[in-house]
Amino acid sequence: MNEVLKALKERRSCRKFQPRQVTQEDLDAILEAGTYAPTGMNRQAPVIVAIQDPETIAEVSRLNAAVMGADTDPFYGAPTVLIVLANPEIRTWLHDGALVMGNLMNAAHAIGVGSCYIFRAKEVFETPEGKALLAKWGIPETYVGVGNCILGYPAEGGTRPASPRQENYIIRI
Ligand SMILES: Cc1cc2nc3c(=O)[nH]c(=O)nc-3n(C[C@H](O)[C@H](O)[C@H](O)COP(=O)(O)O)c2cc1C
């Protein structure tokens with residue numbers, strides 16, 4: 001099977017990671033793939049924030065958990081977290097951001113890095129603490145969170161097999 005098609009089919013969400021950090025080379029390759037996602041009218045509405053500093057990851061994790069009213073780690077201890085946000089003044093922002101998320105996860109899988117889409121970025125960056133982080137990172141406070149892409153090398157039992165695809169997923173006319 002074609003390597004790209006195989007990677008697209010075999011990527012699974014990973015929720016258990018080895019403690020070792022994602023290498024610079026792997027991270028750069030994943031980020032670059034993210035930036036080559038298609039965007040509406042090529043306006044490139046999204047930005048990707050790459051975090052490997054454990055303190056910042058812990059802070060964003062806490063804010064994300066708070067949205068759920070939980071005190072667990074929604075990032076499953078991943079050593080790297082990528083946050084995709086987008087400029088909502090560009091009409092296609094959400095679609096653009098979601099496509100970046102897809103590229104990040106598929107690129108990660110293609111080079112042996114585990115990933116998972118973690119929700120609630122929108123709510124996190126609507127909070128005063130989230131807005132303070134945006135200011136610190138030099139991102140306009142109007143930007144909206146699309147998703148968090150957690151990354152790390154998969155640990156034993158970190159992924160589950162794909163569930164069967166829903167019946168009538170494809171409607172051929
Ligand atoms: C928009 C979106 C939000 C998601 N949010 C979460 C999340 O907050 N936590 C989580 O553990 N997985 C999350 N996932 C991962 C899904 O649960 C996962 O993709 C789905 O169960 C299918 O599994 P697979 O990715 O291994 O094929 C999310 C996926 C998407 C696309």
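Counting starts at 1 for both ligands and their atoms, in listed order.
- Each of the atoms 24 (P), 26 (O), 27 (O) of ligand 1 lies under 4.0 Å from some heavy atom of Arg12.
- Taking distance alone, with nitrogen or oxygen atoms compared against 3.5 Å, Ile118 stays at or beyond that limit from ligand 1.
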Legend entry - Stepwise side-chain contact (heavy atoms from CB on, under 4.5 Å) check, Val146 with Trp93: CA-CA 9 Å; Val146 175; Trp93 68 273; 4.0 Å; yes
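- Heavy atoms from other residues, nucleotides or ligands lying under 6.0 Å from CZ of Phe119 number 12 at most.
- There is a protein heavy atom less than 4.0 angstrom from atom 1 (C) of ligand 1.
- Within the 3.5 Å criterion, the main-chain N or O of Thr142 finds no donor-acceptor partner in the side chain of Glu89.
- With hydrogens left out, the protein atom closest to atom 19 (O) of ligand 1 is Ser13 OG, 3.3 Å, a heavy atom.
- The single protein non-hydrogen atom nearest to atom 8 (O) of ligand 1 is Phe119 N, 3.1 Å, given as residue, atom name and distance.
- In Arg91, the CZ atom is not crowded: 12 or fewer heavy atoms of neighbouring residues, nucleotides or ligands sit closer than 6.0 Å.
- Taking a 4.0 Å cut-off on heavy atoms, Ala162 fails to register as neighbouring ligand 1.
- With hydrogens left out, the protein atom closest to atom 11 (O) of ligand 1 is Tyr76 OH, 2.6 Å, a heavy atom.
- Dense packing is recorded around CG of Asp53, with more than 12 heavy atoms of other residues, nucleotides or ligands lying under 6.0 Å away.
- Within the 3.5 Å criterion, the main-chain N or O of Ala7 finds no donor-acceptor partner in the side chain of Asn106.
- Not one N or O of Arg160 is nearer than 3.5 Å to an N or O of ligand 1, by distance alone.
- Of all the heavy atoms of Ser163, none lies under 4.0 Å from any atom of ligand 1, so neither backbone nor side chain is involved.
- Within a 6.0 Å sphere centred on CD of Glu129, heavy atoms belonging to other residues, nucleotides or ligands number more than 12.
- Closest protein heavy atom to atom 30 (C) of ligand 1: Tyr117 CG, 3.7 Å.
- Atom CZ of Arg160 is surrounded by 12 or fewer heavy atoms from other residues, nucleotides or ligands within 6.0 Å.
- Summarising the contacts of atom 15 (C) of ligand 1 with Arg120, Lys9, Arg15, the nearest heavy atom is found in Arg15.
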